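One is the number of the first residue; the rest follow in order along the sequence. Hydrogens, waters and symmetry mates play no part in the numbers below; they use all other heavy atoms, side chains included. Bear in mind that the values here come from a model prediction, so they are computed numbers and not experimental data.
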Amino acid sequence: MPEIDALFESINVRDLLAGHDLNDPTTPLSAPDLRLLINRLQSHSLRIKSKVQSYLVAHHSEFSDLFSTCQDAVSRTRLISDDVSDVVELVSDRPVDVEIRKVVDEITEKTKEVRLKRESLELVSAIVGICEAVEETKVALRGGRFRFAAERVRELKGVLRVGEEEEGGEPVAYALLRKEWSDCFDEIQEVLARFMESAVRFELESCKLRISYQLSVGETTGIALTTVLEAMEVIGMLDYGLAKAADSIFKHVITPAVTHASTFNAVEDSCKTSGDITEATLQLDQSSDHKTEDVDGEAIYSGILKVVKFICSSLCFGNVTWIHSFGRLTWPRISELIISKFLSKVVPEDASKLADFQKVIERTSQFETALKELNFVSPSDAEGRLSKYAENVEVHFASRKKIEILAKARSLMLQCNFTIPKGLAMRNASFKSGGAESLDEDSSKHIVRLLFSSEVCMVSEAASQLMHLVHKTLEDVCVSSARVATECYHAARDSILLYEAVVPVKLEKQLNGINQAAALLHNDCLYLFEEILGLAFEYRASFPSSIKEHAVFADVAPRFKLMAEEVLQRQIQLVVSSLQEAIDSADGFQDTHQMKQFESAKFSIEQVVFSLEKVHMIWEPVLRPKTYKQSMCLVLESVFRRITRDILLLDDMAADETFQLQRLIHLMFENLSSLLGSLKSADETSRPLDDLIPSLRKSRKLAELLDMPLKSITSAWESGELLSCNFTRTEVQDFIKAIFADSPLRKECLWRIEDVVN
């Protein structure tokens with residue numbers, strides 16, 4: 001209503017109070033102004049009412065239609081509300097949705113039952129069909145229809161998905177049917193194997209291989225060999241069925257063709273009945289002029305080819321699949337037999353004869369080519385197995401050479417008893433003094449001259465022969481091809497390392513005692529150490545260029561130097577321990593003025609002397625003079641030091657006791673005089689024994705001190721004589737206190753000793 005809107009918008013309070021400034025907040029409206037405003041508003045209100053009334057009268061029809069429409073809408077709303085109330089009431093009293101759901105569920109269940117019954121019916125039909133097929137197969141098998149039975153078995157295998165079993169989710173009947181199929185398969189496999197076994201027979205007495213074409217087993221007769229082979233092929237049991245026949249032919253026919261090639265002769269024959277061949281035979285004959293030296297490969301290969309051709313034509317009927325199966329069963333064994341019985345034995349023993357082996361290589365290659373043309377050997381089945389072996393004869397020669405070298409080295413070590421021959425030890429002194437050039441053959445195996453020190457040394461036969469073998473092997477390296485040289489070089493190294501691995505284990509028991517075997521092992525290690533160091537200098541320049549930079553021996557030598565030192569130190573420690581135990585029985589040399597204690601101490605000294613003499617007899621003939629002297633000096637030093645220390649530790653000695661102790665020391669030196677004398681002349685060094693055995697001078701001086709006056713002892717200390725004999729101030733003071741009673745003189749002497757500045 002734009003007229004009404006315009007009317008309302010025309011009302012303006014400012015216009016109604018035109019004479020008054022409404023923007024001035026300080027001027028309030030007066031009563032007359034307010035009355036004027038009210039009157040004017042009433043006037044405008046009446047005018048608005050009049051306008052509204054006029055507008056309604058003018059638009060009466062439109063308002064009537066509007067009100068009618070609203071009334072109709074309200075009426076329809078009321079009707080819809082009533083209908084909804086009726087529906088809600090109906091649903092509340094009878095739940096139709098529940099009934100509908102029940103009906104739908106029932107329909108679904110019935111549909112599922114129908115489908116399951118249909119599937120079960122189909123499954124039962126399939127099971128019945130399979131059972132009937134299995135039964136037909138068995139009937140066909142009993143009736144001799146092997147091809148039909150084999151095809152049925154193959155079909156059923158696919159239907160039952162044999163080999164594709166799933167974990168659960170399958171009918172139990174399938175597992176039972178698979179078992180039924182498996183039993184049927186085993187039965188047909190066993191039957192076919194029996195027929196195949198009856199088809200191929202070897203008569204030992206007549207040396208004849210028979211292959212029958214019409215077979216009979218039990219009540220089943222007149223079965224053709226081809227039918228059996230076809231059935232075996234259908235069910236995939238060719239290898240299984242031919243296994244026994246292949247084994248028999250390999251054992252009785254092919255093996256003699258290889259092992260007795262020069263006398264092997266095979267003659268084919270056949271037997272006919274009503275014009276049909278019913279049997280094929282291979283007669284094996286042997287001539288009497290057997291000469292193994294004439295076997296060069298031709299007789300072996302021709303004999304095997306004749307047998308293979310007979311098998312391919314008479315047993316496999318030219319069928320490539322059957323020939324391949326028979327070849328798979330026999331070729332690996334045939335090739336290994338040819339290698340072990342022929343090729344490996346004709347490998348030249350001398351590198352210069354390798355060229356003569358070329359003829360064998362050619363014949364071997366021709367033999368394998370002929371077998372491939374017959375389809376007996378598949379091109380992908382270890383192609384050229386024999387040819388590769390023959391062509392790699394250089395490798396086999398080197399490998400065999402290495403094996404022989406290592407076997408010989410091991411044999412040397414195991415057979416050697418590490419003892420010195422009788423009489424050789426007595427002559428060793430002359431050898432050490434420069435007579436090694438005139439050694440006889442037996443002595444040269446034990447007496448060697450060290451490479452760098454030029455000393456004569458006694459070694460075991462194992463060590464000397466080992467180095468002889470190594471030198472000979474390295475000489476072969478210098479004149480061999482690169483491949484052979486490499487193997488021989490490694491054989492030489494491994495032979496040396498073999499000594500390190502074998503001999504210490506072999507001599508384990510001897511190394512735990514004092515004997516000449518341990519001394520020989522020490523000498524062996526020194527000898528090998530110097531010889532190994534010299535190998536590179538001696539042979540490197542003549543080595544083939546391919547191994548010249550890789551041939552190393554210096555890394556091996558230090559092991560033997562270390563082993564020599566360890567063995568010697570262990571021997572010295574064993575001797576020292578034994579002597580210390582003997583000295584322990586003297587009980588510290590206490591109370592030797594008593595007869596029982598003196599005899600015990602004397603026996604201890606005699607035991608020490610006896611042990612030293614025994615060690616002297618073991619070491620002196622074997623060890624180098626310098627080593628012998630150093631080792632014995634270390635042992636004697638431990639003895640003299642221990643005896644001197646025990647005596648000096650005595651805290652109280654009677655006069656008789658000092659006399660007996662002096663007797664014991666003199667007895668010891670008297671019994672050791674020959675030993676000490678041998679040490680002086682053991683080598684060319686002029687160094688006195690007193691320097692090599694510091695406690696020797698001290699022991700002798702101790703014997704003098706035991707009957708020396710107090711003042712003389714004090715003077716000997718003041719002069720430095722006792723100090724030069726390795727006595728300490730404390731030892732001298734304690735010695736005086738043990739021998740001399742307390743007195744002003746002893747105190748004065750002890751004070752003088754204390755006051756001396758050394």
Side-chain angles (χ1 to χ4, degrees), residues 83-84 86-196 217-220 223-224 226-242 319 321-322 325:
D83 292 341
V84 170
D86 293 342
V87 170
V88 170
E89 183 179 356
L90 180 63
V91 170
S92 301
D93 294 342
R94 298 179 63 188
V96 177
D97 61 327
V98 175
E99 292 183 5
I100 293 173
R101 174 178 289 179
K102 287 182 179 179
V103 172
V104 171
D105 291 344
E106 186 176 354
I107 292 172
T108 303
E109 187 68 25
K110 295 297 182 181
T111 303
K112 185 183 295 185
E113 288 180 5
V114 171
R115 186 172 63 252
L116 289 175
K117 288 180 179 180
R118 185 183 299 113
E119 292 177 353
S120 298
L121 183 60
E122 292 175 355
L123 177 62
V124 170
S125 299
I127 292 173
V128 170
I130 293 172
C131 291
E132 291 176 352
V134 171
E135 190 61 31
E136 286 180 2
T137 303
K138 292 181 178 179
V139 172
L141 182 61
R142 297 188 192 100
R145 294 182 295 153
F146 295 155
R147 179 64 184 262
F148 174 80
E151 289 176 349
R152 276 306 182 95
V153 168
R154 182 175 62 184
E155 292 172 3
L156 290 174
K157 180 180 180 181
V159 172
L160 294 173
R161 294 185 299 172
V162 177
E164 303 175 11
E165 293 84 354
E166 299 178 359
E167 294 291 336
E170 278 189 338
V172 177
Y174 264 54
L176 298 175
L177 288 172
R178 287 196 186 100
K179 184 179 184 303
E180 189 73 17
W181 178 90
S182 178
D183 294 340
C184 184
F185 178 82
D186 292 342
E187 183 179 352
I188 190 173
Q189 185 173 245
E190 183 181 351
V191 170
L192 293 176
R194 286 205 305 268
F195 272 93
M196 197 65 223
V217 174
E219 298 179 356
T220 306
I223 304 299
T226 54
T227 302
V228 175
L229 290 169
E230 288 171 355
M232 290 195 301
E233 181 182 358
V234 168
I235 64 174
M237 61 159 289
L238 266 177
D239 290 354
Y240 177 83
L242 291 172
N319 187 299
T321 303
W322 303 347
S325 177

Task: Val191 side chain near Val217 side chain, heavy-atom distance below 4.5 Å - done: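 Of all side-chain heavy-atom pairs linking Val217 with Val191, none is under 4.5 Å.
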- [ ] Would you mind reporting whether Met196 and Leu229 have side-chain heavy atoms less than 4.5 Å apart?
- [x]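 Yes, their side chains come closer than 4.5 Å.
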TODO: Supply the atom-to-atom distance Ile223 CD1 to Arg145 CZ, rounded to the nearest 0.5 angstrom.
DONE: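 If I round to the nearest 0.5 Å, the distance is 11.0 Å.
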- [ ] Please test Arg147 against Glu151 for salt bridge (charged side-chain N to carboxylate O under 4.0 Å, His left out), starting from the C-alpha separation and ending with a verdict.
- [x] CA-CA 6 Å; Arg147 179 64 184 262; Glu151 289 176 349; 3.1 Å; yes
Task: Smallest separation among heavy atoms of Thr321 and Asn319, with atom names - done: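 In this case the closest contact between Thr321 and Asn319 is N-OD1, 2.9 Å.
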- [ ] Not counting sequence neighbours, which residues clear side chain to side chain donor-acceptor pair (under 3.5 Å) with Glu190? List them please.
- [x]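 Scan of Glu190 (side chain to side chain donor-acceptor pair (under 3.5 Å), adjacent residues dropped) gives Arg194.
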Donor-acceptor contacts, no H, no angles, side chain residues 231-242, under 3.5 Å, sequence neighbours left out:
from, atom 1, to, atom 2, distance (Å)
Glu233, OE1, Trp322, NE1, 2.9
Asp239, OD1, Ser325, OG, 2.4
Asp239, OD1, Arg328, NH2, 3.1
Asp239, OD2, Arg328, NH2, 3.4

